[in-house]
Amino acid sequence: MKLLEDLNSQQREAVTISPGPVLVLAGPGSGKTRVLAHRIAYLVDHFGVQPREIMAMTFTNRAAREMAGRVEQLLGKADALHPVSKGGVSLGTFHALCARLLRRESDLLPFSREFVIFNESDQHTLVRQALKEINLDPKQVQPGKVHGIISRAKNELIELEAFEADTYFAEIARRVYQRYQQLLLRNNALDFDDLLLWAVRLFQEHDDLLAKYRRRYPHILVDEFQDTNTAQYVLLRLLAGEEPDLFVVGDPDQSIYRWRGADYRNVHRFKEEYPQVKVILLEQNYRSTQTILDAAMAIIDRNLGRQQKRLFTDRGTGVRITFEEAYNENDEARLVIETIASLTYSGQVEPGGCAVMYRTNTQSRALEEAFLKAGLPYRLVGAQRFYGRREIKDLIAYLRLIHNPADQVGLLRVLNTPPRGIGAKTVQTLLQTASQAELDPAEVLLDLAEGDRSQFADGFTHRAGAALTGFGRALQGWIKVGNELPLISLIDRVLEETGYREYIDDGTEEGQDRWANILELRGVAQEYQEMGLTIFLEHVALVSDQDTLTDSQNAPTLLTLHAAKGLEFPVVFIIGLDDGVLPHRRSFDDPEAMAEERRLFYVGITRAQDRLILLRAFRRRQAGVSSLSEPSRFVEDLPPDLVDGNLATHQTWDQASYQRQTRWDKELTQPIEARYQVGMRVHHPTFGEGIVTATEIDLDDEVVTVAFEGDETRHLAASLAGLTILDE
DNA sequence: ATCACAATACTTTTT
DNA sequence: GTATTGTGAT
């Protein structure tokens with residue numbers, strides 16, 4: 001059968017096993033995603049299962065997309081992220097699937113179908129508000145910490161009544177928990193944990209509904225099972241019932257989300273609760289050289305209480321791993337770029353085959369700067385920072401408010417953004433008026449928009465009333481057209497009527513960047529035209545790992561070690577191998593956390609197919625202060641015979657191209673002459689044609705600013721960018 | 001009362 | 001590099 005070609009015997013066994021509880025323990029690079037996709041196809045093809053009877057859960061949208069693509073290829077149809085429609089396979093993240101479920105069944109729940117999903121900063125705002133309401137200073141009690149405790153409780157399905165407060169801080173958390181949940185409901189909002197929690201509750205409290213879904217989805221598959229938390233596990237158990245076809249795939253050594261409530265002991269629990277489970281091991285690695293696998297095993301073997309695995313490959317020994325120490329994080333970034341350049345010039349790898357991994361997001365800064373300075377493109381995974389930008393949050397807050405006027409957090413964000421004469425005092429009065437009338441603040445605004453007929457007009461000073469009424473009218477208008485107007489038109493109308501561009505784009509470079517971000521979000525919205533506001537907002541809330549934002553095709557990828565799970569690259573850099581960074585200092589005093597840091601390093605190592613380059617910096621700037629650091633304690637666990645202490649690639653570099661292509665190793669030289677002029681047409685190998693809009697001599701190089709076709713403006717170092725002058 | 005700017009403190013990992 | 005808070009000018 002065609003489906004089974006190219007599978008080894010272990011993989012084939014997993015794919016063809018008869019339905020029932022199955023646990024696939026898969027090592028890194030063993031083709032588990034493939035096995036999952038083939039299993040889905042085999043269920044349909046061989047066991048006669050309808051695709052619509054299959055539900056497959058992943059942890060990231062990326063994994064869902066990838067699996068959808070594979071299944072589609074094998075089967076000709078897969079309806080990713082659309083759990084209950086069109087007859088395809090229901091495929092998506094736990095959170096996305098739950099969000100859809102809750103919207104469908106909202107009649108049974110204490111919030112409406114239009115609920116919004118609060119992101120981290122909204123959650124913090126709410127905790128802050130709750131703290132204030134119980135007369136605690138958000139400055140003395142960190143909102144993030146309190147929310148962490150609440151979040152953990154929710155992931156453990158510990159509801160308020162069962163929340164035990166055995167310390168002072170826990171008692172604070174308990175009180176905040178109570179207020180926080182009330183506030184969420186009042187905002188008609190859910191946080192990430194709620195999506196799972198309410199789904200579990202829904203099934204626990206409505207047997208008929210559970211029975212319906214069990215009938216509807218007799219076949220369930222789960223990827224990255226080691227990263228399920230209690231809520232997810234219970235949800236799976238509920239859906240699966242006592243004699244399920246439940247096919248789970250995981251690797252306890254790659255469990256890296258303990259801090260988020262993930263519990264790899266769910267693997268053991270699964271075995272105990274389903275004694276008839278069939279366990280299949282996938283041991284052969286198809287990804288990495290033996291050198292890389294040996295290094296990975298040396299690292300992970302130090303963790304206690306795990307089942308030892310032998311990772312093997314027939315890919316051969318491969319080249320040695322390199323480890324080098326840079327002076328500081330800028331020097332580290334420089335080394336990354338130089339190494340990528342040299343490997344690329346010598347034809348060993350495409351730029352797009354390289355990935356740079358780090359422990360914390362802040363480490364991407366130095367890298368980005370270096371890439372920008374060198375005029376080289378890169379792909380940054382983790383749109384988090386994009387969606388964290390002020391202007392993006394503003395626009396999303398507007399849309400959320402239109403979709404769900406109960407969203408107070410969104411309202412308070414945009415009420416006076418751009419400034420429209422609604423200050424702190426007026427906001428205060430508005431909130432008071434609303435709470436006295438037992439209405440949402442937005443309802444008061446909408447009432448004010450009615451003009452003379454408004455019952456609230458007298459409550460405000462003339463000026464404040466006018467400002468609020470003005471905003472109320474605008475909001476009223478948007479809500480009215482919100483469902484009819486295409487998404488883009490709605491966005492344009494909001495931007496237009498608020499004068500947002502004038503507010504944000506003050507002509508400075510920063511202002512232009514911010515406006516460009518707005519346009520980028522507008523571009524994302526364009527893809528959601530038909531699906532509408534609800535789906536768009538859900539996407540924005542649940543998709544933070546999407547990498548479509550920087551679309552340079554053949555460029556190195558920058559990502560955290562966490563984001564790297566499930567990916568592979570010919571060349572992998574792991575930077576910041578300093579004690580305190582990896583392992584992170586916050587994990588030092590907790591052995592379980594240290595074990596997880598080690599697994600994180602293991603995950604990073606096993607992403608590499610051919611070449612692994614480890615870097616660290618002697619001096620590192622953190623939180624604004626520069627301090628010295630020691631090499632990571634993990635480094636000494638690497639077998640010395642697999643590692644070159646000095647980056648061996650240095651010696652194979654072609655000196656001529658190296659010097660032409662890099663500038664950092666040279667001393668300051670005398671100023672050079674400008675070769676470019678404003679107005680010139682130029683061509684860039686990656687960005688295409690453009691016009692020079694500015695040029696400046698910086699040290700020994702010329703920095704050219706070019707506006708490329710397609711509205712992209714770049715600062716490029718002339719000596720590196722490879723620009724050709726087309727005409728002057 | 002509102003707004004612009006400065007000063008301040010914090011920054012692990014993510015759905 | 002951001003969110004919150006404080007200050008003085010309007």
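The structure presented is a predicted model; accordingly, all values stated were derived computationally and were not measured. Just so you know, these numbers use all the heavy atoms, side chains as well, and skip hydrogens, waters and symmetry mates.
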Participant: Name the orientation class of the two ring planes belonging to A/Phe115 and A/Phe111 (parallel below 30°, tilted from 30 to 60°, perpendicular beyond 60°).
Facilitator: perpendicular
Participant: In this structure, how many angstroms lie between the C1' atom of C/dA3 and the CG atom of A/Leu126, rounded?
Facilitator: 16 Å
Participant: Find which nucleotide of DNA chain B each of A/Phe94 and A/Arg420 is nearest to by heavy atoms, and output the residue with the more 5' nucleotide.
Facilitator: A/Arg420
Participant: So does A/Arg128 get a side-chain nitrogen or oxygen closer than 4.0 Å to the phosphate oxygens (OP1/OP2) of C/dT4?
Facilitator: yes
Participant: Hey, is the side chain of A/Gln142 poking within less than 4.0 Å of OP1 or OP2 on B/dT11, counting only N and O atoms?
Facilitator: yes
Participant: Between CZ of A/Phe225 and OH of A/Tyr233, what distance do you get to the nearest 0.5 Å?
Facilitator: 5.5 Å
Participant: Could you check which of B/dT14, B/dA1, B/dT11 has an atom nearest any side-chain atom of A/His562?
Facilitator: B/dT14
Participant: A/Trp259 stacking on B/dT13: centroids under 5.5 Å, ring planes under 30°?
Facilitator: yes
Participant: Closest approach to the side chain of A/Arg260, judged atom by atom: which nucleotide of C/dT2, B/dT2, B/dT14 is it?
Facilitator: B/dT14
Participant: Starting from C1' on B/dC10, measure out to CZ on A/Arg586 and report it in whole angstrom.
Facilitator: 10 Å
Participant: Does A/Lys393 place a side-chain N or O at less than 4.0 Å from the phosphate oxygens OP1/OP2 of C/dT2?
Facilitator: no
Participant: So what does A/Asn416 touch, heavy atoms closer than 4.0 Å: a base, only the sugar-phosphate, or nothing?
Facilitator: sugar-phosphate
Participant: Closest approach of A/Ala199 and A/Cys98, non-hydrogen atoms and distance?
Facilitator: CB-SG, 3.7 Å
Participant: Are A/Asn119 and B/dT14 close enough that a side-chain N or O sits under 4.0 Å from OP1 or OP2?
Facilitator: no
Participant: What is the distance, rounded to the nearest whole Å, between atom CG of A/Leu367 and atom C1' of C/dG1?
Facilitator: 17 Å
Participant: Mind checking if A/Ala464 touches a base, just sugar-phosphate, or nothing, with heavy atoms under 4.0 Å?
Facilitator: nothing
Participant: Roughly, in whole Å, what's the span from CG in A/Leu196 to P in B/dT14?
Facilitator: 18 Å
Participant: A/His95 has an atom NE2; how far is it from atom C1' of B/dT14, in whole Å?
Facilitator: 9 Å
Participant: Please state how far atom NZ in A/Lys132 lies from atom P in C/dA3, giving the value in whole angstrom units.
Facilitator: 15 Å
Participant: For the pair A/Asn229 (side chain) and A/Gln232 (backbone), establish whether a donor and an acceptor sit closer than 3.5 Å, ignoring hydrogens and angles.
Facilitator: yes
Participant: On the nucleotide B/dT2, are OP1 or OP2 found under 4.0 Å from the side-chain N or O atoms that A/Thr426 carries?
Facilitator: yes
Participant: OP1 or OP2 of B/dT11 versus the side-chain N and O atoms of A/Thr360: is any pair under 4.0 Å?
Facilitator: no
Participant: Taking atom P of C/dT2 as reference, at what distance in whole Å does atom CD1 of A/Ile392 sit?
Facilitator: 12 Å
Participant: Rounded to whole angstrom units, what separation is found between the CG atom of A/Leu559 and the P atom of B/dT13?
Facilitator: 13 Å
Participant: Quick check: on DNA chain B, is the nucleotide nearest A/Tyr257 upstream (toward 5') of the one nearest A/Pro419, or the reverse? Name the residue that is more 5'.
Facilitator: A/Pro419
Participant: Between A/Tyr500 and A/Tyr398, what is the ring plane arrangement, given parallel below 30°, perpendicular above 60°, and tilted in between?
Facilitator: perpendicular
Participant: Determine, using ring centers only, whether A/His95 and A/Phe59 are less than 6.0 Å apart.
Facilitator: no
